[in-house]
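In the text below, chain A, chain B and the rest are named by the order of the sequence lines, each starting its count at 1. Hydrogens, waters and symmetry mates are skipped; everything else that's a heavy atom, side chains included, is used.
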Number of protein chains: 2
Amino acid sequence: MPSNRQVNINTESVDNYLKAILALGGPEEQSVSSTALAQRLGVAPASVTNMLQKLASARSPFVEYEKHRGVRLSPEGKRRALEVLRHHRLIETFLYEILDFPIEEVHDEAERLEHFILERFEERIAAKLGHPKIDPHGHCIPALDGRMSKQDSAPLIDVEKDGEFVVDSISDRDAKLLKTLKAHSITPGAHLRVTKSPHELVLRAGKGSKPLHLALSAAGAVRIRSTN
Amino acid sequence: MPSNRQVNINTESVDNYLKAILALGGPEEQSVSSTALAQRLGVAPASVTNMLQKLASARSPFVEYEKHRGVRLSPEGKRRALEVLRHHRLIETFLYEILDFPIEEVHDEAERLEHFILERFEERIAAKLGHPKIDPHGHCIPALDGRMSKQDSAPLIDVEKDGEFVVDSISDRDAKLLKTLKAHSITPGAHLRVTKSPHELVLRAGKGSKPLHLALSAAGAVRIRSTN
DNA sequence: CTAATCATTTAGGCTAGCCTAAAATAGTGA
DNA sequence: TCACTATTTTAGGCTAGCCTAAATGATTAG
């Protein structure tokens with residue numbers, strides 16, 4: 001009696017694992033460690049191992065996983081991860097544009113809703129919004145087929161010398177930071193003058209807005225591109 | 001060591017039980033049997049008993065439950081049930097009005113979403129919709145404080161003699177029926193001529209629409225009021 | 001090249017919510 | 001009233017997803 005029993009996998013939990021692997025793997029889709037996943041998802045490393053084993057041994061596996069060597073998305077896993085990301089960003093856009101949510105609140109609400117909507121819902125809000133390509137944080141929204149244009153931007157933390165840039169995007173995971181940045185008019189598309197000092201960056205957007213002193217630790221959340 | 005351990009209750013499941021008790025108890029809030037609940041929720045009677053015991057022994061109980069005598073909502077349970085009902089009906093209205101969903105699809109989608117939205121979301125869509133009092137099926141939407149105006153209508157199945165009526169509301173639980181009714185212009189507010197025969201009702205709405213032969217078994221889904 | 005450290009996996013447990021089968025209770029007709 | 005039937009509850013099991021503690025594997029400093 002071989003142990004090919006069917007294992008049921010809770011979609012919500014799986015989605016969260018896949019999204020985390022997508023995000024942590026970065027654009028080069030590097031393999032991701034259990035610990036990194038555990039930290040991001042707020043669960044114990046042992047729980048991650050457990051789930052990865054399930055994901056890898058499903059009928060059509062969502063991940064490629066070798067013991068002790070981290071995990072990568074399979075093509076199927078990547079497809080699903082991008083689908084969830086598309087849901088997430090469309091919902092964020094929708095909450096912001098149609099329901100007038102403040103920018104710093106859309107992430108948490110979208111996080112909750114993204115698992116429970118069907119294609120039809122997605123289709124309708126995409127249509128209602130005119131099939132947007134960018135969400136209110138400046139992030140690309142994957143197309144229906146999973147294609148997503150490459151980001152032509154760099155994290156603010158990599159800035160070498162003082163200068164002027166355009167804000168490309170801002171991570172949605174830290175609501176407080178998002179609110180602070182908004183209060184200083186630092187939003188996607190804004191022009192930004194950056195002055196570097198040992199422990200912080202000083203940011204100035206537009207003219208009327210006060211300069212913002214940003215700890216280097218927070219500067220990874222903002223991506224910029226050159227003004228031209 | 002007393003057994004006063006804290007029991008965690010999954011909100012989604014609880015919500016479904018509370019909604020079912022509210023619906024089956026009717027406007028007089030009669031006590032509801034395990035079997036009726038089991039049937040409506042699609043679970044085994046034993047599962048219902050189990051859950052009712054949990055609901056009744058929670059810190060602030062959602063139901064009043066006596067073995068073998070059915071179950072009623074506690075004030076707290078009623079409050080929550082009406083809150084979920086409000087969510088459900090607001091979401092339905094929203095899907096129909098803003099996202100242009102076909103009427104027969106809004107129920108299932110709302111069913112999925114209603115558990116996962118926060119007050120803030122509810123608030124926004126209520127505002128966006130102009131604080132509607134009636135959903136697209138003709139059902140009252142409970143107010144924020146749980147108050148809901150009494151239905152001044154009767155089930156179509158109670159019609160004694162032929163006559164003309166106004167469609168008050170239509171149950172959203174049978175998508176197929178909803179679609180059929182729509183095709184015959186039988187929607188909330190429509191004028192309806194009803195002809196009774198032993199096994200069916202014949203319904204005619206407006207002038208251009210064909211008469212609909214409706215089995216008595218389906219006639220509980222439609223509520224009517226008198227034309228005046 | 002070995003020992004210490006760090007990362008990861010295994011083993012064993014827990015809870016929620018469902019199930020089935022068996023036991024108990026309530027209701028009813030003779 | 002008593003037995004029969006239908007309803008409801010109890011008892012015992014299962015799975016998913018989490019946990020902790022212990023064991024194992026990988027890596028790195030001396």
Side-chain angles (χ1 to χ4, degrees), chain A residues 1 3-21 24-25 30-59 61-72 80 111-112 115-116, chain B residues 1 3-21 24-25 30-59 61-72 77 80 84 111-112 115-116:
Chain A
M1 234 217 282
S3 95
N4 53 0
R5 55 170 45 242
Q6 195 54 12
V7 176
N8 253 1
I9 296 184
N10 172 304
T11 305
E12 184 180 351
S13 189
V14 167
D15 284 351
N16 287 332
Y17 276 86
L18 298 180
K19 270 205 315 178
I21 297 168
L24 294 174
Q30 291 167 305
S31 99
V32 175
S33 77
S34 309
T35 321
L37 274 171
Q39 204 178 341
R40 174 143 181 146
L41 294 168
V43 301
S47 307
V48 172
T49 299
N50 194 278
M51 178 61 93
L52 293 184
Q53 287 170 343
K54 280 185 201 170
L55 292 179
S57 60
R59 190 101 64 91
F62 281 123
V63 301
E64 287 150 19
Y65 168 65
E66 272 183 294
K67 275 187 191 173
H68 295 279
R69 340 201 112 238
V71 70
R72 269 172 229 278
R80 176 62 186 159
E111 193 82 358
R112 201 181 356 273
H115 308 290
F116 306 105
Chain B
M1 229 213 285
S3 94
N4 54 1
R5 54 170 47 241
Q6 194 54 15
V7 176
N8 252 2
I9 298 185
N10 172 305
T11 307
E12 184 181 352
S13 189
V14 168
D15 284 352
N16 287 332
Y17 276 85
L18 298 181
K19 270 204 315 177
I21 297 169
L24 294 174
Q30 291 166 304
S31 98
V32 175
S33 77
S34 309
T35 322
L37 274 171
Q39 204 178 341
R40 173 141 181 147
L41 293 168
V43 301
S47 307
V48 171
T49 300
N50 194 278
M51 178 61 93
L52 293 183
Q53 286 170 344
K54 280 186 201 170
L55 292 178
S57 61
R59 189 103 63 94
F62 282 123
V63 300
E64 287 150 19
Y65 167 66
E66 271 183 295
K67 275 187 192 176
H68 295 277
R69 341 201 110 239
V71 70
R72 272 173 227 277
R80 176 62 187 158
V84 177
E111 192 82 359
R112 201 183 354 274
H115 309 290
F116 306 105

Separation of B:Leu55 CG from B:Ser13 OG (nearest 0.5 Å): 8.0 Å
Nearest-0.5 Å distance that lies between atom CZ in B:Arg112 and atom NE2 in A:His115: 13.5 Å
Rounded to whole angstrom units, what separation is found between the [atom1] atom of [X] and the [atom2] atom of [N]?
X	N	atom1	atom2	value
B:His68	C:dA24	NE2	P	11 Å
A:Leu37	C:dA7	CG	P	14 Å
B:Lys67	D:dT10	NZ	C1'	8 Å
A:Glu66	C:dT9	CD	C1'	15 Å
B:Asp15	C:dG17	CG	P	11 Å
A:Asn50	D:dA21	CG	P	17 Å
A:Tyr17	D:dA16	OH	P	14 Å
B:Met51	C:dA16	CE	P	10 Å

Student check: side-chain heavy atoms of B:Leu37 and B:Val71 closer than 4.5 Å: yes
Phosphate oxygens OP1/OP2 of [N]: is one of them under 4.0 Å from a side-chain N or O of [X]?
X	N	result
A:Tyr65	C:dT9	yes
B:Ser34	D:dT7	no
B:Lys54	C:dG17	yes
A:Ser47	D:dG17	no
A:Thr49	C:dT10	no

Pairwise 5' ranking along DNA chain D for B:Ser33 and A:Arg69, keeping only the more 5' one: B:Ser33
Donor-acceptor contact present, side-chain A:Ser31 to main-chain A:Arg69, <3.5 Å: yes
